[in-house]
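Here is how names work: the chains are called A, B, and so on, in the same order as the sequence lines, proteins then strands, and each is numbered from 1.
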Number of protein chains: 2
Amino acid sequence: MSRRLSLLSVIPLIGGLALSPVLGAEPKQAPLVIAEQGSFTAGGAVFETPGQYVNNAPTAQGQSLHGDHLYAFYQVPERPRDLPIVMLHGAYQSGRSWETTPDGREGFQTLFLRRRFTTYVVDQPRRGRAGNSAVATTIDAAPNDQLFFDQFRLGIWPTFFDGVQFDRSPQALDQFLRSVTPNTGPYDAKLISSAMTALLERTGPAILFVHSQGGESGWLTAIQSANVRAVVAFEPGSGFVFPKGEAPADMPSAAGTLKPVEIAASDFAKLTRMPIVIYYGDNIPTAPTDARGKDNWRVRLAMAKLWVATVNRHGGDAQLVHLPQIGIHGNTHFLMSDLNNREVADQVSRFLAEKQLDRTGRQE
Amino acid sequence: MSRRLSLLSVIPLIGGLALSPVLGAEPKQAPLVIAEQGSFTAGGAVFETPGQYVNNAPTAQGQSLHGDHLYAFYQVPERPRDLPIVMLHGAYQSGRSWETTPDGREGFQTLFLRRRFTTYVVDQPRRGRAGNSAVATTIDAAPNDQLFFDQFRLGIWPTFFDGVQFDRSPQALDQFLRSVTPNTGPYDAKLISSAMTALLERTGPAILFVHSQGGESGWLTAIQSANVRAVVAFEPGSGFVFPKGEAPADMPSAAGTLKPVEIAASDFAKLTRMPIVIYYGDNIPTAPTDARGKDNWRVRLAMAKLWVATVNRHGGDAQLVHLPQIGIHGNTHFLMSDLNNREVADQVSRFLAEKQLDRTGRQE
């Protein structure tokens, strides 16, 4: 209880209503007051097909394609804090990840808006509303529901984990599985980080929230853009970058082998410029298991720990919070939309306060 | 001027600030006050692959796919009017069509929220954030910028029409062309209208805004769902449905032949249950031309006129407003995001007021 009470100091007041950190206590929400909202695209390129365009007999000849941009929907609250939050989803997902939870509660888009952060919710290039890809692909309509149930650690299909922070109504699982949306072109982390860098030129200095596969683009964006003031990574799943010569060994698991990515030491050094926090949820084993969905995250958590140590050895400020170790149990891979997502948000708010990333310098 | 002044009576006040109907006059906007916002999916189905799912060696066998749903983002203002507005985009587009305009102003999503309507902005099944399709497809990355410039009546590439209601900065055209996003499965109007009907079961009675190809699903939804209280169609482009035996002849054009769709008289009769208004913009010729982009809309406007007459002959309440004929010039195919989109919104507000669709019965 003492930890919870201490959190209250960083919980903002909106319209006189405190946001409750208590699981399940959903106070009547005050209205959102939004100074401005809208959407736009950032990054990408224009791809020209040689030849002559004939207006009245059009073919590909002489035409261009605008593609490989990202899409962002933004909302600015009244009296915003100085740093906005840019939210990047993971694999098979879109900005939908940060919106309403599968069981119909507010996701991080709206929760952090209530906490007076401007939010930018991204669809990465070749995903969702940013679907125009410069490279053709096939949408194979492959069925993956059961794999996702295991891989995203709701349980071991068809059984939910005991105490899992996921609503067991069929409606919630239905909504969850319908947040899945395919790539409309090949996945390319560097392409994504370039578009993210273009977005950050527009937003100015910002806090980056990344989920799962978005971690890979997150690290690359934090290297490429001088505007990343912090990275908050929710279960980053791939693309852990290490300075050349310092990468750990490959990590085999029941779900395949996780390989570290070696980059130039000068690039890695840029990751020491900002505070970084990484969160992982529950039901991640420490010893190898043949349970594929769980073992997938065993190696990711293990490599993330080595990565944090490497960043800090080079003078950085990274930390890893394994939620069960601080008494927060039952989280799936989707920490930001789990039943206790307010409690997770409170953890993030505490981090942002500790690092003085939640200031409202211009207005207060 | 007298027409403009008469409009003032239907322009709502938000926070004491009148929305100006005057082109280019952008008052400092009052903050938006939003009681609730979020997103969800509606409709779709679950597609099962026969066989046995093996958790630790997953293949398609025994797995399912949740797909063919739509995605909707909604916002509820304070003191909402009784009927929400559901907005369905056209071909190659997503809900992005209704958000910020290419030149960075408020689109119909936010303009009608300011006018105290709850808004639902849809990505149709197999598009945008509703990308999971039950049927495989190929994304071909085809270049179409120049064709779209012509077809969406910005001008005749590379020349804008004189007086076109489109910002000529390169940035605006760039944003416009990046609102394009591909199908992630075959286009299927009946599938879309089924998902829309599921959405309307959740929203309750609603006003339907449809754009372009969305017109086809719009008519089908108005037939299928008893919750459609009005249809506001912006340049519907295909799928004009007529009672069997009453369809006009096919209409050839430089852009192909437009064919009417015959349906059962009992289904058509359902379109007489609600007021319908259709808007078309400028630069649509009345005589055939070899200018492909313009001629495409000549036949669509012509068939829409016959369609309106047919609805009214059967006892319905449909009207067609060809904007240049009431003194509103320069509109492209994207009426709702053109430079004069507030003036277009004022036309819609007047229609909704005339038909008593803008009441706030429960609160006032």
Side-chain angles (χ1 to χ4, degrees), chain A residues 31-35 37-41 44 47 49 53 55-56 58 60 62-67 69 71 78 94 96 99-100 106 110 123 128-147 150 156-157 174-175 177-178 180-182 184-185 254 290-292, chain B residues 31-35 37-41 44 47 49 53 55-56 58 60 62-67 69 71 78 94 96 99-100 106 110 123 128-147 150 156-157 174-175 177-178 180-182 184-185 254 290-292:
Chain A
L32 289 157
V33 182
I34 293 175
Q37 69 176 17
S39 65
F40 58 89
T41 64
F47 305 89
T49 302
Y53 173 65
N55 298 70
N56 297 338
Q63 289 209 72
S64 58
L65 166 75
H66 283 63
H69 47 266
Y71 159 90
E78 281 202 312
S94 70
R96 171 88 182 84
E99 296 176 346
T100 302
E106 290 182 351
T110 300
D123 287 0
R129 290 175 169 179
N132 244 14
S133 165
V135 180
T137 195
T138 299
I139 308 279
D140 60 6
N144 279 316
D145 290 346
Q146 285 68 24
L147 185 152
D150 288 352
I156 294 179
W157 178 266
D174 184 83
Q175 286 288 316
L177 292 169
R178 293 185 189 284
V180 172
T181 197
T184 57
D290 62 359
R292 188 179 182 281
Chain B
L32 289 157
V33 182
I34 294 176
Q37 68 177 17
S39 65
F40 58 89
T41 64
F47 304 90
T49 303
Y53 173 65
N55 298 70
N56 297 338
Q63 289 210 71
S64 58
L65 166 75
H66 282 63
H69 47 266
Y71 159 90
E78 281 201 313
S94 70
R96 172 86 182 84
E99 296 175 347
T100 302
E106 290 182 351
T110 301
D123 288 359
R129 290 174 169 179
N132 244 13
S133 165
V135 179
T137 195
T138 300
I139 308 280
D140 60 6
N144 279 317
D145 290 345
Q146 286 67 24
L147 184 152
D150 288 351
I156 295 179
W157 178 266
D174 185 84
Q175 285 289 315
L177 291 169
R178 293 186 189 283
V180 172
T181 197
T184 58
D290 62 359
R292 188 179 182 281

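Not one N or O on the side chain of A:Asn55 forms a donor-acceptor pair closer than 3.5 Å with the backbone of B:Arg292. Formation of a donor-acceptor pair under 3.5 Å by the A:Gln37 side chain with backbone atoms of B:Thr110 is not found in this model. When atom types are taken as modelled, the side chain of A:Gln63 and the backbone of B:Leu147 share a donor-acceptor pair closer than 3.5 angstrom.
Minimum heavy-atom separation, A:Arg178 to B:His69: NH1-ND1, 2.9 Å. In terms of heavy-atom proximity, B:Ser64 sits nearest to A:Gln146 at N-OE1, 2.7 Å. For the residue pair B:Ser133 and A:Ala141, the shortest heavy atom distance occurs at O-CB, 3.2 Å. Residues B:Arg129 and A:Ser94 come closest through the heavy atom pair CG-OG, 3.5 Å.
Contacts between A:Thr49 and chain B at a heavy-atom distance below 4.5 Å involve the side chain alone, from C-beta outward. With a 4.5 Å cut-off on non-hydrogen atoms, B:Val180 touches chain A through its backbone and its side chain both. In this structure, the portions of A:Phe40 lying under 4.5 Å from any heavy atom of chain B include both its backbone and its side chain. A:Ala134 touches chain B through its backbone: at least one of N, CA, C or O sits under 4.5 Å from a heavy atom, while the side chain does not. Proximity to chain B involves both the backbone and the side chain of A:Asn56, based on heavy atoms less than 4.5 angstrom apart.
When each of B:Asp290, B:Leu32, B:Asn144 is scored by its heavy-atom pairs under 4.5 Å with chain A, the top score falls to B:Leu32. When the candidates B:Gly131, B:Ala254, B:Gly128 are compared by the number of heavy-atom contacts under 4.5 Å with chain A, B:Gly128 comes out ahead. Residue with the most contacts toward chain A among B:Thr138, B:Thr137, B:Val33, B:Val135: B:Thr137 (heavy-atom pairs, distance under 4.5 Å). Options A:Ile139, A:Asp140, A:Asp123 differ in how many heavy-atom pairs under 4.5 Å they form with chain B, and the most are formed by A:Ile139. Of the listed residues B:Asp174, B:Asp145, B:Thr181, B:Leu177, the one with more heavy-atom pairs under 4.5 angstrom with chain A than any other is B:Asp145. Ranked by heavy-atom pairs under 4.5 Å with chain A, the list B:Ile156, B:Asp150, B:Thr184 is led by B:Asp150. Of the listed residues B:Gly44, B:Gly185, B:Ala142, the one with more heavy-atom pairs under 4.5 angstrom with chain A than any other is B:Gly44.
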